[in-house]
Amino acid sequence: MAPSLLRKVQVWLLKAVAGVFLLLCRLFAPRKPALAGKKLPPAEDPLLLLSATQLAKKIRRKEVSSVEVVQAYIDRIQQVNPLVNAVIKDRFAAALQEAAQVDKLIEEETGGEEVLEDRLPLLGVPLSVKESFALQGMPHTSGLVSRRGVVATVDAPPVALLKRAGAIPVGVTNTSELCMWCESHNRLNGITNNPYDLERIAGGSSGGEGSILGAAGAVIGIGSDIGGSIRMPSFFNGIFGHKTTPNVVSSENQYPPTSGRQNEYISTGPMCRYAEDLLPMLKIMAGPNVHMLSLNTKVDLKKLKFFTIPHDGGSPLTYPVSKELMDIQRKVVERLELDLGIKVQEVRFPELQYSFQIWNTYMGLSDKDGKPPMPFSSLMGEPGRPAWPLWELLKWMVGKSEHTMAAIGKTMTRSSKPLTFITEKKEKLQKEVDELLGTDAVILYPSHTRVAPKHHHPLFRPFDFSYTGIFNILALPVTQCPLGLGEEGLPLGVQVVGGKLQDHLTLAVALYLEKTFGGWRDPGHKF
């Protein structure tokens, strides 16, 4: 079968299945009390409006105590979490005890502020953690009902490093079921809402992180990304998120673990409301691999080459990028040219039309020993037999399934067998993008096709995530940057893509974009 005909058949089948899922969801999904008209209260405590970097400095200087800061965030979580359902388990009492120990340490420190800053750069600052990361003593389920009661006995390496730098975890946050969907919803912990509009998604799989950060219930957090799981929630919730170059930050002690070649595509990285926190967080989280990145190198934006790609070229699988996202990316180009005196070049890569097919194919590749990835149905069924999708679908229709429609749907679709046509497209795209970026360039690319959709609507448009997923397969660092609010009061944004190991370039652009476009906006305020 010719590639063009095969592609048309695949598109038709995939869209048909997606349409059926959405129809079933509308018919059989349980109805919850309407959230229309409800709105988050504004963040009124001044401590909630400071970056982690600023908070750490004030704590070291005894201008504010760690207990005061942690208590401010506990109060905010208690205020907003009933509306957003982002934090699924807190450790408030332990966090306050640890904050008191921090204050005592500072009182007894004789080496001065500089010593504390060097040894414990995040001393006393509260931290939220995606629940798929092991955090000792906290649930570690990734939203799977059969893992109810599983508690982490160790800390995942990046969590341990952040704690070692003085950060204080206050709780763990919700994810999509098994971290493989763009809406954070599962049968164990429920659905997470967007702080700007409670009837819209917070994204996934790090949606709980995105939501609580966007709601000013946290200042810094940690996420993972294998298809956009840091960047989509960051975009939908108006915060910053960074997908690191793969294999710099450890992805150990996450659930589910990677298999096949997925370790080549997953990234762990920081999520935060203020751009200045991205760099110090990444320095800490990279641990022994920090030497791989040039994070101490000063970046002169005027010496960078900037490129912009307005869309994926018209893939039949994805919806067109909305006018407001096209317009805001165009405004970024205009401001860069005006402020820096440079020329931003528009480029196109026809291979981007195949972003989903490339992602889907490479996610299914076997490892170097020929072992394929663990089937999603097996993960769903653990610790027992693999889930049977048709049986789960029937159970779901009568409210008896322990799984979400998104997870059931994923068991019905499998990764494509490697086609020469698709692998050739990927290799060509990889070569051209790597050559374009080199070590001194960045690309602007849409974060998604539209702003945060209504709950469950991604079931009908399941392939739009390929705007983020393609960069996992290309193994490139990407920083998601907020760009104000759109016509519906929802966050706008853009992805800033760099060359491999050039994370410092995208982080520098994030600082510029925050200064130019205002960064995070309090969803409780009227604009």
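One is the number of the first residue; the rest follow in order along the sequence.
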Chemist: Does any part of the side chain of Met412, heavy atoms only, come nearer than 4.5 Å to the side chain of Leu390, both counted from C-beta?
Modeler: yes
Chemist: Output yes when a side-chain donor or acceptor of Asn81 lies under 3.5 Å from a complementary backbone atom of Ala86, and no otherwise.
Modeler: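 Such a contact is found between Asn81 side chain and Ala86 backbone.
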Chemist: State whether a side-chain donor-acceptor pair under 3.5 Å links Gln502 with Thr439.
Modeler: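 Note: Gln502 and Thr439 side chains miss the donor-acceptor criterion.
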Chemist: Measure centre to centre between the rings of Tyr265 and Trp359, then say whether the value is under 6.0 Å.
Modeler: no
Chemist: Show every ring-ring contact (aromatic ring centres under 6.0 Å, His included) that has at least one partner inside residues 219-250, sequence neighbours left out.
Modeler: Phe236-His448
Chemist: Once rounded to the nearest 0.5 Å, what's the spacing between atom CD1 of Ile266 and atom OG1 of Thr258?
Modeler: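 One finds 6.0 Å between CD1 of Ile266 and OG1 of Thr258.
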Chemist: Any luck finding a side-chain donor-acceptor pair between Gln254 and Thr268 under 3.5 Å?
Modeler: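 Their side chains do contain a donor-acceptor pair, which is all the 3.5 Å distance test asks for.
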Chemist: When you compare the side chains of Arg148 and Asn189, does any donor N or O come within less than 3.5 Å of an acceptor on the partner?
Modeler: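 No, no side-chain donor-acceptor contact under 3.5 Å.
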Chemist: Quick one: does Ile230's side chain get under 4.5 Å of Gln480's, heavy atoms only?
Modeler: no
Chemist: Salt bridge between Arg348 and Glu346, side-chain N to carboxylate O under 4.0 Å?
Modeler: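 Counted as a salt bridge, because a side-chain N and a carboxylate O are separated by less than 4.0 Å.
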Chemist: Answer yes if the side chains of Lys371 and Ser259 hold a donor-acceptor pair under 3.5 Å, and no otherwise.
Modeler: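 The answer is no; no qualifying pair exists.
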Chemist: How long is the gap from CZ on Phe133 to OG on Ser250, to the nearest 0.5 Å?
Modeler: 9.0 Å
Chemist: So, Ser251 versus Asn263: side-chain donor-acceptor pair below 3.5 Å or not?
Modeler: no
Chemist: Is it true that Ser206 and Lys130 share a donor-acceptor pair across their side chains at a distance under 3.5 Å?
Modeler: yes
Chemist: Would you call Val433 and Leu476 a side-chain contact if the rule is heavy atoms closer than 4.5 Å?
Modeler: yes
Chemist: Check whether any side-chain N or O of Ser378 sits under 3.5 Å from a backbone N or O of Met374 as a donor-acceptor pair, and report yes or no.
Modeler: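 No; judged by distance alone, with no hydrogens or angles, the pair does not exist.
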Chemist: Charged N to carboxylate O below 4.0 Å: is that the case for Lys425 and Glu351?
Modeler: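 Looking at Glu351 together with Lys425, the answer is no, because their closest N to O distance does not fall below 4.0 Å.
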Chemist: Under a 3.5 Å distance rule, please check whether Arg200 uses its side chain to pair with a backbone N or O of Ala452 as donor and acceptor.
Modeler: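 A pair under 3.5 Å: yes.
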Chemist: Using the side-chain hydrogen bond (donor to acceptor under 3.5 Å, both in side chains) rule, pick out the option among Asp503, Thr506, Thr244 that qualifies with Thr479.
Modeler: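 So, applying the side-chain hydrogen bond (donor to acceptor under 3.5 Å, both in side chains) to Thr479 and each of Asp503, Thr506, Thr244, only Thr506 qualifies.
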Chemist: Working to the nearest 0.5 angstrom, can you tell me the gap between Asn253 CG and Asp155 CG?
Modeler: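 One finds 8.5 Å between CG of Asn253 and CG of Asp155.
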Chemist: What are the two closest heavy atoms between Val496 and Cys481, and how far apart are they?
Modeler: CG2-SG, 4.0 Å
Chemist: Could you verify whether a donor N or O on one side chain and an acceptor N or O on the other, from Ser229 and Ser205, lie under 3.5 Å apart?
Modeler: yes
Chemist: side-chain hydrogen bond (donor to acceptor under 3.5 Å, both in side chains) with Tyr445: which residues, sequence neighbours excluded?
Modeler: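 For Tyr445 there are no side-chain hydrogen bond (donor to acceptor under 3.5 Å, both in side chains) partners, ignoring immediate neighbours.
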Chemist: Any luck finding a side-chain donor-acceptor pair between Asn174 and Thr192 under 3.5 Å?
Modeler: yes
Chemist: Return the CZ to CZ distance between Phe349 and Phe307, rounded to the nearest 0.5 Å.
Modeler: 8.0 Å
Chemist: Charged N to carboxylate O under 4.0 angstrom, Glu432 versus Lys428?
Modeler: yes
Chemist: Please report the C-alpha distance between Glu209 and Ser128 in whole Å, then the side-chain angles of each, then the deciding distance to 0.1 Å, and finally whether the side chain to side chain contact (heavy atoms under 4.5 Å, CB included) criterion is met.
Modeler: CA-CA 7 Å; Glu209 283 296 282; Ser128 58; 3.0 Å; yes
Chemist: Side chains of Pro482 and Leu492: closer than 4.5 Å at any heavy-atom pair?
Modeler: no
Chemist: Given side chains that start at C-beta, do those of Tyr467 and His311 come closer than 4.5 Å, heavy atoms only?
Modeler: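 The answer is yes, as the side chains (C-beta and beyond) meet within the 4.5 Å cut-off.
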Chemist: Verify the ring-centre separation between His456 and His185: is it less than 6.0 angstrom?
Modeler: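 Judged by ring-centre distance (under 6.0 Å), His185 and His456 do meet the cut-off.
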Chemist: Looking at Asp440 and Lys305, does any basic side-chain N land under 4.0 Å from a carboxylate oxygen?
Modeler: yes
Chemist: Could you check whether Asp225 and Ser267, counting side-chain N and O atoms only, form a donor-acceptor pair closer than 3.5 Å?
Modeler: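 Short answer, no.
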Chemist: From Thr404 OG1 over to Leu459 CG, what is the distance, rounded to the nearest 0.5 angstrom?
Modeler: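 So the OG1 of Thr404 and the CG of Leu459 are separated by 8.5 Å.
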Chemist: Looking at Lys431 and Glu435, does any basic side-chain N land under 4.0 Å from a carboxylate oxygen?
Modeler: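 Yes, this pair counts.
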Chemist: Going by atom types alone, do Gln495 and Thr468 pair a side-chain donor with an acceptor below 3.5 Å?
Modeler: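 Gln495 vs Thr468: no donor-acceptor pair found between side chains.
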Chemist: Measure from the side-chain N and O atoms of Ser447 to the backbone N and O of Val494, and report whether any donor-acceptor pair falls under 3.5 Å.
Modeler: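 Yes: the side chain of Ser447 pairs with the backbone of Val494.
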Chemist: Measure the spacing between OG of Ser211 and CG of Asn237 and express it to the nearest 0.5 Å.
Modeler: 5.5 Å
Chemist: Which one of Leu352, Ile473, Thr423 satisfies the side-chain contact (heavy atoms from CB on, under 4.5 Å) criterion with Ile358?
Modeler: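 With Ile358 as partner, side-chain contact (heavy atoms from CB on, under 4.5 Å) holds for just one option, Ile473.
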Chemist: Verify the distance criterion only: is there a donor paired with an acceptor across the side chains of His455 and Asn193 at less than 3.5 Å?
Modeler: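 Present: a donor and an acceptor within the cut-off.
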Chemist: Check whether the side chains of Thr308 and Gln329 place a donor and an acceptor atom closer than 3.5 Å, and report yes or no.
Modeler: yes
Chemist: Can Glu98 and Arg91 be counted as an ion pair, charged N to O under 4.0 angstrom?
Modeler: yes
Chemist: Dump the intermediate steps for side chain to side chain donor-acceptor pair (under 3.5 Å) on Ser142 and Glu177, then the final yes or no.
Modeler: CA-CA 6 Å; Ser142 291; Glu177 185 174 352; over 6 Å; no
Chemist: Can you confirm whether Lys89 is buried at NZ, in the sense that more than 12 heavy atoms of other residues, nucleotides or ligands lie under 6.0 Å from that atom?
Modeler: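 Check fails, neighbour count at 12 or below.
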Chemist: Counting neighbours of CE on Met292 that are heavy atoms of other residues, nucleotides or ligands and sit closer than 6.0 Å, is the number greater than 12?
Modeler: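 More than 12 within 6.0 Å, yes.
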Chemist: Taking Arg461 for the side chain and Thr318 for the main chain, is one N or O donor matched with an acceptor at less than 3.5 Å?
Modeler: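 Not at all, since once roles are kept as given, no pair shorter than 3.5 Å links the two residues.
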Chemist: Within the structure provided, determine whether Leu474 and Ile470 are in side-chain contact (heavy-atom separation under 4.5 Å).
Modeler: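 Sidechains of Ile470 and Leu474: in contact.
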Chemist: Does a donor on one side chain and an acceptor on the other come within less than 3.5 Å for Glu382 and Ser146?
Modeler: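 On atom types as modelled, these side chains do not qualify, holding no pair under 3.5 Å.
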Chemist: Would a 4.5 Å heavy-atom cut-off, applied to side chains only, mark Trp181 and Phe465 as touching?
Modeler: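 With C-beta onward as the side chain, the pair stays apart.
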Chemist: Honestly, is Lys243 close enough over Phe471, meaning NZ or CZ under 6.0 Å from the six-membered ring centre and within 45° of the axis?
Modeler: no
Chemist: Which pairs with one or both residues in residues 268-288 pass salt bridge (Lys or Arg N to Asp or Glu O under 4.0 Å), sequence neighbours excluded?
Modeler: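 Matches after skipping sequence neighbours: none remain.
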Chemist: So, do Val249 and Leu282 sit near enough that their side-chain heavy atoms are less than 4.5 Å apart?
Modeler: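 Counting from C-beta outward, Val249 and Leu282 do come under 4.5 Å.
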Chemist: Going by atom types alone, do Glu131 and Thr175 pair a side-chain donor with an acceptor below 3.5 Å?
Modeler: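 There is no such pair (donor and acceptor under 3.5 Å, judged by atom type) between the side chains of Glu131 and Thr175.
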Chemist: Please check if any side-chain donor atom of Thr449 sits under 3.5 Å from a side-chain acceptor atom of Asp464, or the reverse.
Modeler: yes
Chemist: May I have the step-by-step check of side chain to side chain contact (heavy atoms under 4.5 Å, CB included) for Tyr354 and Leu317, ending in yes or no?
Modeler: CA-CA 9 Å; Tyr354 300 91; Leu317 286 175; over 6 Å; no
